[in-house]
Colleague: 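This structure is in structure tokens; I'll ask about it shortly.
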There are 2 protein chains.
Amino acid sequence: MSRMHNPAHPGEVLRDWLPEQMTVTQAAKELQVSRVTLSKVLNGKAGITAAMSLRLSAWLGTTPDVWLGMQTQWDLWQAKKQPRPNIKPLERLPV
Amino acid sequence: MSRMHNPAHPGEVLRDWLPEQMTVTQAAKELQVSRVTLSKVLNGKAGITAAMSLRLSAWLGTTPDVWLGMQTQWDLWQAKKQPRPNIKPLERLPV
DNA sequence: ATATGTGTTAATTAACTATTTACAATACTT
DNA sequence: AAGTATTGTAAATAGTTAATTAACACATAT
């Protein structure tokens with residue numbers, strides 16, 4: 001029964017990983033991305049790319065999958081809210 | 001020790017899911033995407049988007065995560081092959 | 001008041017997905 | 001052999017997104 005409700009966007013989760021006194025500017029510098037890029041991620045204005053997940057994992061000591069998977073679930077949630085075509089399930093020969 | 005070696009791209013895996021006699025043209029029709037779009041996915045010229053994973057899961061009776069997750073791992077593998085910045089791990093206060 | 005630092009927006013560039021149209025190559029049918 | 005279907009791919013177009021730098025408003029410190 002997991003992931004039933006609107007998940008937090010990954011940037012929100014990332015925010016919780018930053019030390020209290022750490023500024024966006026400083027974090028961006030350590031991640032070697034621009035201030036703007038990090039700010040957008042933190043505010044859900046941009047997603048976490050594969051490359052970004054590698055940066056985050058190197059910095060925070062996690063696996064990249066944590067971040068990329070979170071983004072994937074977010075993307076999926078968003079896509080589910082869009083209108084979808086009516087696709088008839090493929091008939092497979094019974095085994 | 002999973003995912004150590006170059007993973008097959010998702011399109012390759014998808015190909016194995018199609019019934020023997022099913023043509024790309026026919027599959028594209030059922031998925032309600034253009035022939036070109038499906039062909040590109042099958043040949044690794046395009047990735048599987050969240051929307052596409054929903055189509056595939058509806059058609060093939062899987063979860064969307066199967067396809068989207070596969071794409072994610074592929075993307076991660078590709079990203080790992082790129083040159084990466086040297087990021088110093090964040091010093092955290094010991095617990 | 002002047003300077004500095006901070007977070008966000010604006011504008012730009014680059015990359016990617018998806019569509020239609022078109023073409024060449026291959027296979028299948030009659 | 002002639003015609004038909006299938007496939008992969010390319011070109012042109014439209015829409016989306018990520019990343020950068022430049023610019024802005026706001027705060028803080030000297």
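By convention in this document, chain letters (A, B, ...) are assigned in the order of the sequence lines, proteins followed by strands, and residues within each chain are numbered from 1. Heavy-atom basis, side chains included; hydrogens, waters and symmetry copies ignored. Every value quoted in this text rests on a predicted model; they were computed, and no experiment measured them.
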Colleague: Without decimals, in angstroms, what is the distance between Q82(A) CD and dG15(D) P?
Modeller: 16 Å

Colleague: S53(B) side chain to A50(B) main-chain N or O, any donor-acceptor pair under 3.5 Å?
Modeller: yes

Colleague: Which listed nucleotide (dT19(C), dT8(C), dA22(C)) is nearest to the side chain of V33(B)?
Modeller: dT19(C)

Colleague: Look at the side chain of R35(B) and decide which nucleotide, out of dT17(C), dT7(D), dT19(C), has an atom nearest to it.
Modeller: dT7(D)

Colleague: Closest approach to the side chain of S39(A), judged atom by atom: which nucleotide of dG7(C), dA10(C), dG8(D) is it?
Modeller: dG7(C)

Colleague: If every non-hydrogen atom of M52(A) is compared with every non-hydrogen atom of V33(A), which pair is closest and at what distance?
Modeller: CE-CG1, 4.1 Å

Colleague: Does NZ belonging to K88(B) count more than 12 external heavy atoms closer than 6.0 Å?
Modeller: no

Colleague: Give a yes/no answer on whether the side chain of T23(A) brings an N or O atom under 4.0 Å of OP1 or OP2 in dG5(C).
Modeller: no

Colleague: Counting only side-chain N and O atoms of T37(B), is one of them less than 4.0 Å from OP1 or OP2 of dA18(C)?
Modeller: no

Colleague: Check the distance between dT19(C)'s P and L31(B)'s CG and give it to me in whole angstrom.
Modeller: 11 Å

Colleague: Between the side chain of R55(A) and the main-chain N/O of Q32(A), is any donor-acceptor distance below 3.5 Å?
Modeller: yes

Colleague: For L42(A) and dT6(C), give me the distance from atom CG to atom C1', rounded to whole Å.
Modeller: 13 Å

Colleague: Taking 4.0 Å as the cut-off, does a side-chain nitrogen or oxygen of K45(A) come that near to OP1 or OP2 on dT9(C)?
Modeller: yes

Colleague: Counting side-chain heavy atoms from C-beta on, which of dG8(D), dT20(D), dT20(C) comes nearest to R15(B)?
Modeller: dG8(D)

Colleague: Give, for atom CG of L60(B) and atom CD of E30(B), the distance between the pair rounded to the nearest 0.5 Å.
Modeller: 9.5 Å

Colleague: To the side chain of T49(B), which of dG8(D), dT20(D), dT17(C) is closest?
Modeller: dT17(C)

Colleague: Roughly how many Å is it from CD in Q26(B) to C1' in dT6(D), rounded to a whole number?
Modeller: 12 Å

Colleague: Among the candidates dA19(D), dT9(C), dT9(D), find the nucleotide nearest to the side-chain atoms of V36(B).
Modeller: dT9(D)

Colleague: Starting at CG of L38(B) and ending at C1' of dA18(C), how long is that distance when rounded to a whole Å?
Modeller: 12 Å

Colleague: In this structure, how many angstroms lie between the P atom of dG7(C) and the CG atom of L14(A), rounded?
Modeller: 13 Å

Colleague: Where the side chain of T25(A) is concerned, which of dG8(D), dA19(D), dG7(C) is the nearest nucleotide?
Modeller: dG7(C)

Colleague: Counting only side-chain nitrogens and oxygens, does N43(A) get under 4.0 Å of the OP1 or OP2 atom of dG7(C)?
Modeller: no

Colleague: Measure the distance from CH2 on W74(A) to P on dA18(D) and round it to the nearest whole Å.
Modeller: 12 Å

Colleague: Between dA19(D) atom C1' and K40(A) atom NZ, what is the distance in whole Å?
Modeller: 7 Å

